[in-house]
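Side chains are part of it too, since the values below use all heavy atoms of this structure and drop only hydrogens, waters and symmetry mates. Lettering of chains follows the sequences in order, A, B, ..., and the numbering in each one begins at 1.
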Amino acid sequence: MNTSTTDAIDIRDAVKRYGDFTALHSVSLSIRDNEFFTLLGPSGCGKTTLLRMIAGFEDVTEGAIFLFGEEIEKLPPHKRPINTVFQNYALFPHMSVLENVGFGLEMLGHPMQEVRKRAGEALEMVQLSQFAARKPAQLSGGQQQRVALARALAPRPKVLLLDEPLSALDLKLRKAMQIELKHIQRDTGITFIFVTHDQEEALTMSDRIAVMSSGELQQLGDAREIYEQPRNTFVADFIGETNLLPVTVDEVQGGRAACHLPGGQTLTCDASAGVARGARVHLSLRPERVIVAAQPGVESLKATVRENIFVGTDITTIVDLAGGEEFRIRTSNSDRGRARIFEPGAGVFLNMEQGAARLLTD
Amino acid sequence: MAAKYDLRVFPGFRAVTLFCLAILYAPLVIVTIYSFNASPSITNWDGVSLRWYVDVFTGPDSEKFKYAARNSFIIAIIAATVATCIATLAATAILRGGRFRLRTVSFGLVSLPLMVPEIVTAVATLIFFNAIGFDRGLLTILLAHIAFCIPFAYLPISARMQGIEATYEQAAMDLYATRTLAFRRVLLPLMTPGIVSGFLLAFIVSLDDFIITNFVKGAGVETLPTAIFGAVKQGIKPNIMAISTMLLGISVVMVTLSWLVSRRDATK
Ligand SMILES: Nc1ncnc2c1ncn2[C@@H]1O[C@H](COP(=O)(O)OP(=O)(O)O)[C@@H](O)[C@H]1O
Ligand SMILES: [Mg+2]
């Protein structure tokens, strides 16, 4: 799919320290041309810091950043063909919407006639042409957001940075903007680097996702990879919902690991690299990959039903494993014909197919 | 229940308030009223008239006052302009120059003169000019006024600037503006209310200044306040009240304007 030989952004061993505090620990990642790339992680993990280093507002303590092969970390922000949609929009309050959108082109020295024409086109792209003469304060939050987007897109940057641009919008508007952003990215072909702490948003929108925590890159991959093959307990827990069970490995043979839970129940699952006999590791089991049944299957755990919670499209069943651990199972409402719902107190088996359980070493 | 602890119902509170207000404003009110007195006496009321205002502009002392007023306005305009420029640059450097180590010290240094007794500043300035062998005259007044106007101009400007988030300039630089262009096209327009307010304040402080001016002015050079003081020494005539009332009027208008301008929020 990706034909370009050079990456849009290449970050090599970037470190950021504020005094004694290290905000980023040697992050390396490559962002491809034309990609919708997302930096995902909890608040305070360093997403904004990384974005500001790419834009040029923070200097890089150690390491290097390349833009299409050219080293840029020493360049001032105005010399980088990269634009930002700021978290609080930062629209210039004393300029009209059209002047705001045309500002970048004007600073690049384009003739005013062309500035107005291209600013008008950018406004059209976000469907705000009729508001060109207004001041930003006369627009709603959602409209201001689109002006900020048009302003950053108008100079046709090589890379667009978006720092949690949707976090201030209400749910409905946010969903609509997610789709619109995705379309704009596809239509313009500009590389987007999108920052969010919302894993659902990241899964919906991104070509690839970098999961970060405490200033470190945890995993890089597309939505499916990071959801289905999380590399560690942090990713497994942060992306979607999961049951994390501490287990001890009894035996590793033929790519399969036999382990036991603290309560004594045993289970075999695919052994991941580096798992050895006697290792104390975690088992990740997604709630939707487990079926509650009266009879045991190939791989089963014994449990007692605690309660069933109706959550619209799904039913969440909370059970206690024989060792006392809490475990959650999600059953889609449309599956009700096949899956049985058990009353609280009922003894049940949690059946799962091979490959559903994942061993995580850290 | 809350009313029980309301300061306003303390016994005697109303009387104290009225007393304070009276002490503050009675002299001003009396001067203003008597400036319209028809009588040449400063104590006997003899009907309303504008004769002392006419006297200020055409009477025997009018040349002296016109000359002093011209000096005052020239000095106030130049001093306020220069002080405002310096204060704007200082505010930009202190508030936007990053976290340099002397930031707090710089702020203290700029605003400290507000706390120094004016007579001390006056004596110091005089000694300074003497030490460097500077002839006293209009220029010494101007230089001294520029110096003491800076903190007055600085306060509204820095207050304004503190309310402007750094992301506006970052957005400008992100959109290919150099540091200078970001300042001119984004920060400066947003700061304008603070700058205007600072200018008006500096202007009025310069126009009204007596102590420092009196120390550093050369022989024969007068500004309005020193001319008024000189005239009063020869006995208070009603035309002094007329001049004072006009000066009061200008001050009130300027301070009101300054307040109105600084209240305008360009970021909304
Ligand atoms: N200018 C700064 N000085 C000191 N620490 C900072 C500064 N900026 C950010 N940090 C710290 O760096 C960490 C990462 O911040 P940030 O990148 O804003 O996180 P995120 O955007 O992921 O929420 C936080 O712990 C934050 O407190
Ligand atoms: Mg952030």
Side-chain angles (χ1 to χ4, degrees), chain A residues 18-19 48 51-52 54-59 75-95 99-110 115 119 122 135-139 144 147-163, chain B residues 84 88 91-105 156-199 260-268:
Chain A
Y18 296 107
T48 299
L51 212 63
R52 289 171 58 82
I54 298 172
F57 299 123
E58 299 283 355
D59 43 61
L75 292 180
H78 69 269
K79 294 226 173 102
R80 304 185 189 197
I82 296 171
N83 288 154
T84 309
V85 177
F86 289 84
Q87 195 163 6
N88 59 357
Y89 314 147
L91 297 176
F92 306 131
H94 57 296
M95 297 184 198
E99 285 167 337
N100 261 284
V101 176
F103 189 84
L105 292 163
E106 196 187 330
M107 291 298 119
L108 283 172
H110 292 283
V115 168
K135 287 279 167 66
Q138 297 167 305
L139 300 180
Q144 290 181 16
V147 175
L149 182 63
R151 184 177 71 172
L153 283 169
R156 298 234 141 219
K158 288 187 174 159
V159 174
L160 187 77
L161 311 177
L162 305 101
D163 192 356
Chain B
T84 306
T88 305
T92 310
I94 291 174
L95 297 176
R96 289 300 200 261
R99 281 158 212 272
F100 62 101
R101 215 182 313 166
L102 295 178
R103 190 170 167 156
T104 325
V105 179
I157 293 174
S158 74
R160 171 87 221 166
M161 201 176 220
Q162 265 160 351
I164 302 171
E165 284 172 58
T167 43
Y168 290 120
E169 292 141 87
Q170 286 175 358
M173 287 190 273
D174 191 64
L175 293 160
Y176 313 106
T178 58
R179 208 166 250 289
T180 321
L181 270 173
F183 177 76
R184 241 182 41 212
R185 293 290 309 273
V186 176
L187 190 56
L188 206 53
L190 294 180
M191 270 167 62
T192 305
I195 293 174
V196 173
S197 166
F199 174 86
L260 284 177
V261 170
S262 69
R263 225 177 40 142
R264 251 191 49 203
D265 191 350
T267 61
K268 289 280 157 60

Student: Side chain from CB out, backbone as N, CA, C, O: work out which of these in Ala172(B) comes under 4.5 Å of a heavy atom of chain A, or both, or neither.
Tutor: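 It is both, since atoms from each part get that close.
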Student: Within 45 degrees of the ring normal and closer than 6.0 Å to the centroid, is that where the cationic atom of Arg96(B) sits relative to Phe183(B)?
Tutor: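 No, cation not above the ring by the 6.0 Å, 45° rule.
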Student: Heavy-atom pairs under 4.5 Å with chain B: which of Glu106(A), Lys79(A), Gln87(A) has the most?
Tutor: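 Top count of heavy-atom pairs under 4.5 Å with chain B: Glu106(A).
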Student: Please look at Leu91(A) and chain B and tell me whether the side chain, the backbone, both or neither of the residue comes under 4.5 angstrom of a heavy atom of that chain.
Tutor: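 Backbone only.
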Student: Once you round to the nearest 0.5 Å, how far does CZ of Arg151(A) lie from CZ of Phe92(A)?
Tutor: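 Atom-to-atom, Arg151(A):CZ and Phe92(A):CZ are 4.5 Å apart.
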Student: Please rank Ala90(A), Pro155(A), Pro136(A) by heavy-atom pairs under 4.5 Å with chain B and give me the top one.
Tutor: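 That would be Ala90(A).
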Student: According to salt bridge (Lys or Arg N to Asp or Glu O under 4.0 Å), who are the partners of Glu58(A), at least two apart in sequence or on a separate chain?
Tutor: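 Counting only residues at least two positions away or on another chain, Glu58(A) forms a salt bridge (Lys or Arg N to Asp or Glu O under 4.0 Å) with Lys16(A), Arg52(A).
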Student: For Ser158(B), give me all partners under side-chain hydrogen bond (donor to acceptor under 3.5 Å, both in side chains), at least two apart in sequence or on another chain.
Tutor: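 side-chain hydrogen bond (donor to acceptor under 3.5 Å, both in side chains) check on Ser158(B) returns nothing, list empty.
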Student: Tell me, side chain or backbone of Leu105(A) under 4.5 Å from chain B's heavy atoms, or both, or neither?
Tutor: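 No part of Leu105(A) comes within 4.5 Å of chain B.
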Student: Working to the nearest 0.5 angstrom, can you tell me the gap between Thr84(A) OG1 and Asp174(B) CG?
Tutor: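 Taking OG1 in Thr84(A) and CG in Asp174(B), the distance rounds to 3.5 Å.
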Student: Is it the backbone or the side chain of Gln138(A) that comes under 4.5 Å from a heavy atom of chain B, or both, or neither?
Tutor: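 Neither part.
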